[in-house]
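To find a chain, count down the sequence lines: A is the first, B the second, and so on, and within it residues start at 1.
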Number of protein chains: 2
Amino acid sequence: MSDQSFPGGHDCRAREIVDRVGDKWSLYVIATLGEETLRFTELKRRIDGISQRMLTVTLRNLERDGIIVRTMYPVMPPRVEYSVTPLGCELLGAVTALVGWAETRVETIEKNRAAYDERAAEQTEAFG
Amino acid sequence: MSDQSFPGGHDCRAREIVDRVGDKWSLYVIATLGEETLRFTELKRRIDGISQRMLTVTLRNLERDGIIVRTMYPVMPPRVEYSVTPLGCELLGAVTALVGWAETRVETIEKNRAAYDERAAEQTEAFG
DNA sequence: ACTCATGGTTACCTCCAGGTGCCCAAGGCA
DNA sequence: TGCCTTGGGCACCTGGAGGTAACCATGAGT
């Protein structure tokens, strides 16, 4: 798998970026930090539903990729700030385009799903 | 969660599209069908490593969303053709932009990861 | 002495995406 | 009679993503 070529001559390593963006919380973290630099607790407060652990894990992964940067001030209590790097800002831009398209089509897709489910139910009813 | 607003006023339902694209095989299926209409077995042959079940599952989901279309010919042995819809073509376009960006940055990200891991190893060595 | 806040870490558990393998219909063909 | 084909369905299993909760150091406030 690791050297599988993407159809059209694309590199499958690019899938890693889609995976990173596609996990449960990265998109929220990137988008939230894209607006302003924030501390850990404030970030947690803004992203409704995220657990402390998942925020830590997500931040670590994004930091490892160089998408966000972590700044620690050696004071007590600890003060840690997170912000997007230029690389992360680029990613945010690319993702925003995808999300923007998705928003314009989300209703179409939901109608498609409903229609599909209805057809499936009819099939089951007729032959089930 | 279902009514969580996306930072910046975005709708979290858009996450569903990212999830669809972010799963393991959808991207390959869309990209492969984006090149030409294909039958089930030929599609399976082109996407290296996919299992029969996962191809079926992925195709069903994409069909349900209206991203691909399934055409069945009632002959024996069965003949079924899959192709992308205009909606799927749009999605492919949006995703291609993201993948394109990812490809130009994949080496940067890998260097970032290596540097991060090295720093982490030094920390462990010094204090572990 | 006790409590609170920050920014975590760790152990533990659950759930499901994804993988494997067997079964199926129906006709052709030897 | 038995085996090949296509396009699946179904049962079962595992690994890992993600959730829960407890613990931690340190200093400041009272």
Side-chain angles (χ1 to χ4, degrees), chain A residues 1-2 4 12 15-16 18-29 32-33 37-65 68-83 120 123-124 127-128, chain B residues 1-2 4 12 15-16 18-29 32-33 37-65 68-83 120 123-124 127-128:
Chain A
M1 265 288 287
S2 67
Q4 177 178 3
C12 100
R15 258 198 57 90
E16 294 187 4
V18 180
D19 281 345
R20 168 72 60 238
V21 166
D23 72 15
K24 191 164 179 184
W25 297 109
S26 289
L27 214 50
Y28 291 110
V29 170
T32 305
L33 288 180
T37 296
L38 289 172
R39 299 179 59 179
F40 184 89
T41 303
E42 180 59 23
L43 194 49
K44 182 172 181 324
R45 212 166 355 237
R46 297 218 190 173
I47 302 176
D48 191 45
I50 196 170
S51 66
Q52 195 148 333
R53 195 182 83 93
M54 285 316 296
L55 181 54
T56 302
V57 169
T58 304
L59 287 169
R60 285 292 170 280
N61 286 332
L62 293 174
E63 187 199 0
R64 179 167 179 262
D65 289 354
I68 64 170
V69 64
R70 184 183 121 113
T71 312
M72 204 181 78
Y73 301 91
V75 295
M76 197 56 65
R79 177 183 183 87
V80 180
E81 286 181 353
Y82 294 93
S83 52
Q123 293 295 315
T124 305
F127 303 105
Chain B
M1 265 291 286
S2 68
Q4 178 178 3
C12 103
R15 256 198 58 90
E16 294 187 6
V18 180
D19 281 346
R20 168 72 59 240
V21 165
D23 72 15
K24 190 165 180 181
W25 297 109
S26 290
L27 213 49
Y28 291 111
V29 171
T32 305
L33 288 180
T37 295
L38 290 172
R39 298 180 59 179
F40 185 89
T41 304
E42 180 59 21
L43 194 48
K44 182 173 181 323
R45 219 175 338 249
R46 298 218 190 172
I47 302 176
D48 189 47
I50 195 171
S51 67
Q52 196 149 330
R53 194 182 85 91
M54 285 317 295
L55 181 53
T56 302
V57 170
T58 304
L59 287 169
R60 285 293 168 280
N61 286 332
L62 293 174
E63 187 199 0
R64 180 166 179 264
D65 289 354
I68 64 170
V69 63
R70 185 182 120 113
T71 312
M72 205 180 75
Y73 303 91
V75 296
M76 196 55 65
R79 177 183 183 85
V80 181
E81 287 182 352
Y82 293 93
S83 52
Q123 293 295 315
T124 305
F127 304 104

Give a yes/no on whether any side-chain N or O of [X] is located under 4.0 angstrom from OP1 or OP2 of [N].
X	N	answer
Thr41(A)	dG7(C)	yes
Arg79(A)	dA5(C)	no
Arg70(A)	dG7(C)	no

Practice task
Could you tell me whether the side chain of Arg15(B) and the main chain of Lys24(A) form a donor-acceptor pair under 3.5 Å?
Solution key: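 It does hold such a pair.
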
Practice task
Answer yes or no: is there a donor N or O on one side and an acceptor on the other, between the side chain of Ser26(B) and the main chain of Arg20(B), under 3.5 Å?
Solution key: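 Checked: pair present.
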
Problem - Intermediate values then yes/no, side-chain contact (heavy atoms from CB on, under 4.5 Å), Leu59(B) and Leu43(B) - result: CA-CA 10 Å; Leu59(B) 287 169; Leu43(B) 194 48; 3.9 Å; yes

Could you tell me the separation between the [atom1] atom of [X] and the [atom2] atom of [N], rounded to a whole number of Å?
X	N	atom1	atom2	answer
Tyr73(B)	dG8(D)	OH	P	14 Å
Arg60(A)	dT10(C)	CZ	C1'	14 Å
Asp19(A)	dA17(C)	CG	P	15 Å
Leu38(A)	dT6(C)	CG	C1'	15 Å
Arg15(A)	dG18(C)	CZ	C1'	12 Å
Leu55(B)	dT20(C)	CG	C1'	16 Å
Lys44(B)	dG19(C)	NZ	P	11 Å
Arg39(B)	dT5(D)	CZ	P	13 Å

Find out whether [X] and [Y] are in side-chain contact, i.e. whether some heavy atom of one side chain is under 4.5 Å from a heavy atom of the other.
X	Y	answer
Ser83(A)	Leu33(A)	no
Met54(A)	Ile50(A)	yes
Phe40(A)	Thr56(A)	yes

Handout entry: Under 4.0 Å protein heavy-atom contacts per nucleotide of nucleotides 15-30 of chain D, with B for base, S for backbone only and - for none
Key = ---BBB-----BS---

Exercise for the section: In plain terms, say whether Glu42(B) and Arg46(B) are close enough for a salt bridge, that is, a side-chain N and a carboxylate O under 4.0 Å apart. Expected result: yes

Exercise for the section: Remember a base hit wins even if backbone is also touched, and classify Tyr82(A) as base, sugar-phosphate or nothing at under 4.0 Å, heavy atoms. Expected result: sugar-phosphate

